[in-house]
> 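Pasting a structure below so you can have a look.
Scope of the values below: all heavy atoms of this structure, side chains included, with no hydrogens, waters or symmetry mates.
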Amino acid sequence: MASLRCIEPTHLKESIMHKDMQTTDVLIVGAGPTGLTLANILGKHGIKTTIVDRKLSTVAEPRAVSIDDESLRTMQYISLDQEVLRDVVTGYGVHYFTHPGGRCFGKVEPTLSEYGFPRRNAFRQPIFEATLNQGLQRFSCVSRRFGHTLQSFTNTGTGVIANFLAPDDSKVCISARYLIGCDGGRSNVREILNIALKGSTFKSRWLVIDTENDDDSFWQTRVYCDATRPIVEVPGPHRTRRFEILIHPDEDAEQMMQPQQIEKFLRPFRGDKATLIVRKVVYTFHARMAERWRVKNVFLAGDAAHLTPPYAGQGMNSGVRDAHNLGWKLAYVIKGILPETALDSYETERREHAWSLIKLALYMGEVMAPRTRLHAWLIQYFFRLAAYVPPVRDYFLQMRFKPKPRYQQGLLVNTKTSPQAALVGTMLPQPLMNTGNGVLERFDDIVGTGFSLVAYGADASERLAGLSEDLWNDLKVTRVAMLPIGTALPSQQERPPGLSVGAINDVDSNARFSQLGEYIVLVRPDRYVAGTFRGQEEQLFAAAFATTLGASAPLLSGSSKSPITVQQGTEVQPI
């Protein structure tokens, strides 16, 4: 693939710089899923980036095993979705059993894919990280340094000076405008910043056993909700499988990992068949969140910012969400499109949603690991009753219990009196669209990596073409006209210049977007809705959003013809 032109660093005028110091715009510490995703996003935008990790390469042992639809949509953003999907089992669910060999009392089998991908998918983290790492080779502006250990850093307020120890014990000094700590639950960056982890007192130990050459064809997760010994069995791609077994407080972890004990644990599933075990480890699961995610020009992301129990499969996915939220904002700030203050919205937007998924994991842990036989019976009885109540059944079957991504504050303009107000702060669904080139295209592939303005209806093209505020040019907005399903597409000559036109392909998406009526939707690069407005409200909305982004932004100054004062995430009344 073609390399992108780098944007040269524009920071660090500190006198402490010397000729041997290396410079970059963004320094990422930690080359796990969060850091590698962030580096790919910045590379996609042409931002000079250095990613450093103390390991000699990406991980070799299995860790996270579940990737969701939102994370796959981020993979689409960095043009790696097809590469990642080659090593993913898509659309798997969960079956709940009373005990190994017992009765199945509940199923969760989601079929919805409103964001363009199945909601629940199995993967292997070593393959995933290797794919992300290989993806960085596309960008000449991204450099990688494995085997480098962070020793210290100085946060100057206008930049960061970081010191590393290289594999040959030489010292490496890197100067950056921003440092992002993506270095995991035991984050060295967070420790240097002296930021505490706080949250739930939840703690439990689980023996995790990863196997290969598995001959079990069942591709759904099995959860054995047995109060005497809860067990989770997770299938993976390429004939891999994981077993997670609860270790009781009075049991010795080392003893539980002995070959004879593991053989005893696996006998109900494997019988006397040989099992190729590639990893066995006892994990202690926590529910924690850092007190703050930013100190001047240093940010925390992923497990460095929040620790999530694995029951909902959201720990790694929350880190990918962090990377997407922070990545596009860093790119826009470094390019001079947005002011520094736009970065304040990162923690404002992500913190509440990350904590909601931690709470979901805790609730699911109550189901997967019941404390008593009575607790287990009550859970099973509830699931049996739910099967006879379609709304309740579908609530669990389609994973509607998972908190939907929603921002209440941040880089948004709320119009609570609008019928479309509920859209603001949510992730826009991704329909397939017929654009007239002979193949169906996904919405995100049409709009690219930037902002977009979206309208629905037979007159959508005319309404979008009539928008004239300078802000849309400043933000390099893509305009997308969604036509009702089955609508004949205009010829290329009939389409307004600079506007993409496509007809929605499926009935569900058509019904969803038809609710927009005459409203136009402003969609951010991370696919969240920044606000909605009607054509006659364009000037007022543009003024409000420009102020929300920051009136001092170089490209935004003078954009709005009627400047007003609006704080981030507050309301603007439509005309």
> Any Lys/Arg nitrogen of R524 or E349 sitting under 4.0 Å from an Asp/Glu carboxylate oxygen of the other?
yes

> Once rounded to the nearest 0.5 Å, what's the spacing between atom CD1 of I209 and atom CZ of R242?
10.5 Å

> Roughly how far, to the nearest 0.5 Å, is CD of Q258 from NZ of K264?
13.5 Å

> Could you walk me through whether D210 and I277 satisfy the side chain to side chain contact (heavy atoms under 4.5 Å, CB included) test, starting with their C-alpha distance in whole Å, then the side-chain angles of each, then the deciding distance to 0.1 Å, before giving a yes or no?
CA-CA 6 Å; D210 287 291; I277 297 174; over 6 Å; no

> What's the verdict on ring pair (Phe, Tyr, Trp, His ring centres under 6.0 Å) for F243 and F265, showing C-alpha distance, side-chain angles and the deciding distance?
CA-CA 9 Å; F243 297 90; F265 283 143; over 10 Å; no

> Can you check salt bridge (charged side-chain N to carboxylate O under 4.0 Å, His left out) on R222 and D216, steps first, answer last?
CA-CA 12 Å; R222 297 184 181 109; D216 188 344; 2.9 Å; yes

> Under 3.5 Å, side chain of T34 to main-chain N/O of A323, donor-acceptor pair present?
no

> Is it the case that more than 12 heavy atoms not belonging to D272 sit under 6.0 Å from its CG atom?
no

> Measure the acute angle between the ring planes of H95 and F218, then classify it against the limits of 30° and 60° as parallel, tilted or perpendicular.
perpendicular

> Donor-acceptor pair, T49 side chain versus I47 backbone, under 3.5 Å?
yes

> Got a donor-acceptor contact below 3.5 angstrom from the Q125 side chain to the A64 backbone?
yes

> Can you check whether D183's main-chain N or O pairs, donor with acceptor, with S187's side chain at less than 3.5 Å?
no

> Give a yes or no answer on whether the side chain of R190 reaches the backbone of A304 with a donor-acceptor pair at less than 3.5 Å.
yes

> Cut-off 3.5 Å, side chains only: do S509 and D506 have a donor facing an acceptor?
yes

> With a 3.5 Å cut-off and no angle check, do the side chains of Y283 and E244 form a donor-acceptor pair?
no

> Could you check D68 against R119 for salt bridge (charged side-chain N to carboxylate O under 4.0 Å, His left out), going step by step and ending with a plain yes or no?
CA-CA 5 Å; D68 67 10; R119 286 194 170 185; over 6 Å; no

> Could you check V208 against K280 for side chain to side chain contact (heavy atoms under 4.5 Å, CB included), going step by step and ending with a plain yes or no?
CA-CA 6 Å; V208 176; K280 55 182 180 179; over 6 Å; no

> Measure from the side-chain N and O atoms of S71 to the backbone N and O of I67, and report whether any donor-acceptor pair falls under 3.5 Å.
no

> So, using side-chain contact (heavy atoms from CB on, under 4.5 Å) as the criterion, who are the partners of A511 when residues are at least two apart?
none

> Between the side chains of D445 and Q76, does any donor sit under 3.5 Å from an acceptor?
yes

> So, for T211 and V278, which heavy atoms are closest and what is the spacing to 0.1 Å?
N-CG2, 4.3 Å

> On a heavy-atom basis, which atom in L42 and which in A331 lie closest, and how many Å separate them?
CD2-N, 4.2 Å

> Before accepting this row, confirm whether a basic side-chain N of the pair D322/R351 lies closer than 4.0 Å to the acidic partner's carboxylate O.
no

> Checking K55 now: which residues fulfil side-chain contact (heavy atoms from CB on, under 4.5 Å) with it, not counting sequence neighbours?
D53, V59

> Kindly compute the distance separating CD1 (I247) from CE (M257), expressed to the nearest 0.5 Å.
9.0 Å

> Determine, step by step, whether V172 and I174 satisfy the side chain to side chain contact (heavy atoms under 4.5 Å, CB included) criterion, reporting the C-alpha distance in whole Å, the side-chain angles of both residues, the deciding distance to 0.1 Å, and the verdict.
CA-CA 7 Å; V172 175; I174 301 177; 4.0 Å; yes

> Angle class for the F269/Y224 ring planes (parallel below 30°, perpendicular above 60°, tilted otherwise)?
tilted

> Take Q134 and E83, measure what side chain to side chain donor-acceptor pair (under 3.5 Å) needs, and give me the verdict at the end.
CA-CA 10 Å; Q134 185 176 6; E83 287 81 353; over 6 Å; no

> Can you find a side-chain donor-acceptor pair between N188 and R54 that sits under 3.5 Å?
no

> Answer yes if the side chains of T275 and R270 hold a donor-acceptor pair under 3.5 Å, and no otherwise.
yes

> Does the side chain to side chain contact (heavy atoms under 4.5 Å, CB included) test come out yes or no for R350 and S318, once each step is laid out?
CA-CA 9 Å; R350 284 291 306 130; S318 286; 4.0 Å; yes

> What heavy-atom pair brings A227 and H248 nearest, and what distance separates the two atoms?
O-CE1, 4.4 Å

> Grab the two heavy atoms, one from A530 and one from V424, that are nearest each other, plus how far apart they are.
O-CG1, 3.9 Å

> Just wondering, more than 12 heavy atoms not from D215 lying within 6.0 Å of its CG?
yes

> Walk me through it: do R229 and E251 pass the test salt bridge (charged side-chain N to carboxylate O under 4.0 Å, His left out)?
CA-CA 12 Å; R229 179 81 70 184; E251 293 176 326; 2.8 Å; yes

> State the OG1-CG distance between T348 and L343, to the nearest 0.5 angstrom.
11.0 Å

> Does N40 reach the main-chain N or O of L132 with its side chain, forming a donor-acceptor pair under 3.5 Å?
yes

> Would you call E233 and Q220 a side-chain contact if the rule is heavy atoms closer than 4.5 Å?
no

> Please evaluate residues W293 and F299 with respect to the criterion ring pair (Phe, Tyr, Trp, His ring centres under 6.0 Å), reporting the C-alpha separation (whole Å), side-chain torsions for both, the decisive distance (0.1 Å), and the verdict.
CA-CA 6 Å; W293 297 12; F299 296 80; over 10 Å; no

> Give a yes or no answer on whether the side chain of T58 reaches the backbone of E129 with a donor-acceptor pair at less than 3.5 Å.
no

> Nearest 0.5 Å, please: how far is CG in L72 from CG in N317?
8.5 Å

> Between E212 and R241, does at least one N-O distance fall below 4.0 Å, as a salt bridge requires?
no

> Cation-pi between R120 and Y92: NZ/CZ under 6.0 Å from ring centre and within 45° of the ring axis?
yes

> Do the rings of H324 and Y77 sit parallel, tilted or perpendicular, given the 30° and 60° boundaries?
tilted

> With no hydrogens and no angle check, just 3.5 Å: does a side-chain donor-acceptor pair link N121 and T90?
no

> We want to know whether N325 and K329 form a side-chain donor-acceptor pair, criterion being a heavy-atom distance below 3.5 angstrom.
yes

> Measure from the side-chain N and O atoms of R138 to the backbone N and O of G135, and report whether any donor-acceptor pair falls under 3.5 Å.
yes

> Please say whether more than 12 non-hydrogen atoms of neighbouring residues, nucleotides or ligands are located less than 6.0 Å from CD in E191.
no

> Using a strict cut-off of less than 4.0 Å between a Lys/Arg side-chain nitrogen and an Asp/Glu carboxylate oxygen, indicate whether K198 and E291 qualify as a salt bridge.
yes

> So, are R73 and D444 salt-bridged, with charged N and O less than 4.0 Å apart?
yes

> Could R321 and E70 be called an ion pair, given the rule that one side-chain N must be under 4.0 Å from one carboxylate O?
yes

> Counting distance only, does the side-chain N/O of R239 pair as donor-acceptor with the main-chain N or O of D214 below 3.5 Å?
yes

> F443: which residues meet the ring-ring contact (aromatic ring centres under 6.0 Å, His included) condition with it, sequence neighbours left out?
none

> Rounded to the nearest 0.5 Å, how far apart are CZ of F128 and CG of L80?
8.5 Å

